[in-house]
J.: 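Encoded as structure tokens, here's the structure I'll be asking about.
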2 protein chains.
Amino acid sequence: MTDEPLAFLPPRHDHDACIADALDRAERLCADRGERLTELRRRVLELVWSGHAPQGAYDILDALGQTRGRVAPPTVYRALDFLQAQGLIHRIESLNAFIGCPAPERRHSGHFFICRRCRTAAELDARAIDRAIDREAGRLGFVIEQRTVELLGLCAPCREAEATAAPGPTGRA
Amino acid sequence: MTDEPLAFLPPRHDHDACIADALDRAERLCADRGERLTELRRRVLELVWSGHAPQGAYDILDALGQTRGRVAPPTVYRALDFLQAQGLIHRIESLNAFIGCPAPERRHSGHFFICRRCRTAAELDARAIDRAIDREAGRLGFVIEQRTVELLGLCAPCREAEATAAPGPTGRA
DNA sequence: ATCAAGAATGTTATTTTATAACATGCTGCC
DNA sequence: GGCAGCATGTTATAAAATAACATTCTTGAT
Ligand SMILES: [Zn+2]
Ligand SMILES: [Zn+2]
Ligand SMILES: [Zn+2]
Ligand SMILES: [Zn+2]
């Protein structure tokens with residue numbers, strides 16, 4: 001198993017390898033499950049993986065439109081629904097957008113750290129967060145069916161970049 | 001200070017008291033801050049507090065339309081923006097809806113447990129969850145600016161109700 | 001090969017959610 | 001009273017998602 005790190009990747013990595021790996025694993029995963037990763041679904045998955053930033057449905061729709069002739073929203077949404085059902089992508093609720101899952105083999109809901117500056121999103125597998133949530137749910141007698149944990153802010157490189165650009169606390173206008 | 005419990009309330013409680021309390025505190029809080037809780041904003045807050053279920057912007061718009069003549073979306077969205085800026089309401093990203101905050105005096109982002117059956121949402125102040133998230137953020141060097149923690153599922157009463165209605169695992173079709 | 005059933009995609013229209021841009025009105029200060 | 005700033009009204013549009021129905025593709029049975 002490839003075991004992608006589930007964290008922020010260096011900004012200049014071999015992203016073609018990310019895409020190829022994601023598509024390969026999707027193929028295998030769907031084959032194993034007897035699901036059909038059609039040309040369209042595969043292409044939509046590829047577009048979701050075009051970067052490590054969440055992609056809006058209409059971004060994907062536009063990109064699809066480049067290669068295929070005019071595409072209508074349901075085409076994209078149905079593909080996204082399928083990919084989500086298979087755990088190949090996650091929906092980022094606070095952005096109305098979708099991002100590829102680096103670990104689709106095991107069903108889970110991720111914890112997303114999303115940089116508002118470079119728009120990179122990192123999916124973490126932080127058991128401690130889920131445990132803390134589960135403990136509260138237990139106290140309430142609440143049965144969790146769907147988790148949404150999304151943290152927006154600044155990643156380390158972008159924090160430094162902003163610190164450099166903006167005047168520090170000692171700086172005077 | 002009233003110290004509302006920040007959890008699921010009994011289904012049949014004195015909700016008029018909830019509303020009155022929320023409005024009173026909002027008045028005081030805005031007065032203290034030199035902000036203007038206008039008639040419109042007050043009314044929108046009241047409508048958000050019409051229950052313990054998150055309300056959509058257009059639900060509120062429709063309700064407003066009952067008393068005042070035709071109201072346009074910006075009217076409602078602007079009021080919601082203000083209330084959110086003052087911490088009087090929270091936005092539930094996964095539902096595109098808004099809910100009153102039971103503890104607006106201290107700025108925070110809540111943890112929401114939302115029942116898909118009765119639509120009741122409970123805001124918890126679970127430090128342990130934030131700590132677990134903070135620890136991961138620290139490891140990443142990520143600076144969190146906005147938190148979204150929303151758990152959808154079944155509250156205890158609704159879980160029992162569904163268990164009764166549906167056939168158990170021993171039941172045969 | 002033919003057919004039928006179900007799955008996937010195409011197509012058209014509409015709904016739901018949210019914002020842009022500009023006009024008008026209110027409030028407090030001088 | 002006039003003005004500055006904030007709040008609201010108004011019109012139009014953008015952005016995100018879905019409903020409903022038509023067509024095509026796949027697969028397996030005959
Ligand atoms: Zn990559
Ligand atoms: Zn960044
Ligand atoms: Zn109440
Ligand atoms: Zn419930």
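Proteins get letters first, then strands, A, B, ... in listed order; numbering begins at 1 in each.
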J.: Find out whether A:Leu80 and A:Val44 are in side-chain contact, i.e. whether some heavy atom of one side chain is under 4.5 Å from a heavy atom of the other.
T.: yes
J.: In terms of the angle between their ring planes, are B:Phe142 and A:Phe113 parallel, tilted or perpendicular, with boundaries placed at 30° and 60°?
T.: perpendicular
J.: Does atom CZ of B:Arg43 have more than 12 heavy-atom neighbours, drawn from other residues, nucleotides or ligands, at distances under 6.0 Å?
T.: yes
J.: Using a heavy-atom cut-off of 4.0 Å across all strands, would you classify B:Arg36 as base, sugar-phosphate, or nothing?
T.: sugar-phosphate
J.: Would you say A:Arg117 has more than 12 foreign heavy atoms packed within less than 6.0 Å of its CZ?
T.: yes
J.: Regarding B:Asp21 and B:Arg25, does a basic nitrogen lie under 4.0 Å from an acidic carboxylate oxygen?
T.: yes
J.: How close or far is atom C1' of C:dA20 from atom CZ of B:Arg78, stated in whole angstroms?
T.: 11 Å
J.: Can you pull out the residues from residues 66-75 of chain A that lie within a 4.0 Å heavy-atom distance of DNA chain D?
T.: A:Pro73, A:Pro74
J.: Give a yes/no on whether any side-chain N or O of A:Arg42 is located under 4.0 angstrom from OP1 or OP2 of C:dA8.
T.: no
J.: Going 5' to 3' on DNA chain D, which nucleotide is the first and which the last to come under 4.0 Å of a heavy atom in chain B?
T.: D:dA7 to D:dT11
J.: Round to the nearest Å and state the distance from A:Glu93 atom CD to C:dA18 atom P.
T.: 12 Å
J.: Would you indicate whether B:Arg116, at its atom CZ, is surrounded by more than 12 heavy atoms from other residues, nucleotides or ligands within a distance under 6.0 Å?
T.: yes
J.: Between atom OH in A:Tyr58 and atom C1' in C:dT17, what is the gap in whole Å?
T.: 12 Å
J.: Test A:Glu105 against A:Arg28 for salt bridge (charged side-chain N to carboxylate O under 4.0 Å, His left out), laying out the working first.
T.: CA-CA 10 Å; A:Glu105 288 81 9; A:Arg28 242 174 303 145; 5.7 Å; no
J.: Looking at A:Arg41, does any N or O in its side chain come under 4.0 Å of the phosphate oxygens OP1/OP2 on C:dA8?
T.: yes
J.: Base, sugar-phosphate or nothing for B:Arg91? Non-hydrogen atoms, less than 4.0 Å.
T.: sugar-phosphate
J.: Pairs in or reaching into residues 76-97 of chain A: which pass side chain to side chain donor-acceptor pair (under 3.5 Å), with residues at least two apart or in two chains?
T.: A:Arg33-A:Gln86, A:His90-A:His108, A:His90-A:Glu123, A:Arg91-A:Glu93, A:Arg91-A:Asn96, A:Ser94-A:Glu150
J.: Using a cut-off of strictly less than 4.0 Å, decide whether B:Tyr77 has a side-chain nitrogen or oxygen near OP1 or OP2 of C:dA18.
T.: yes
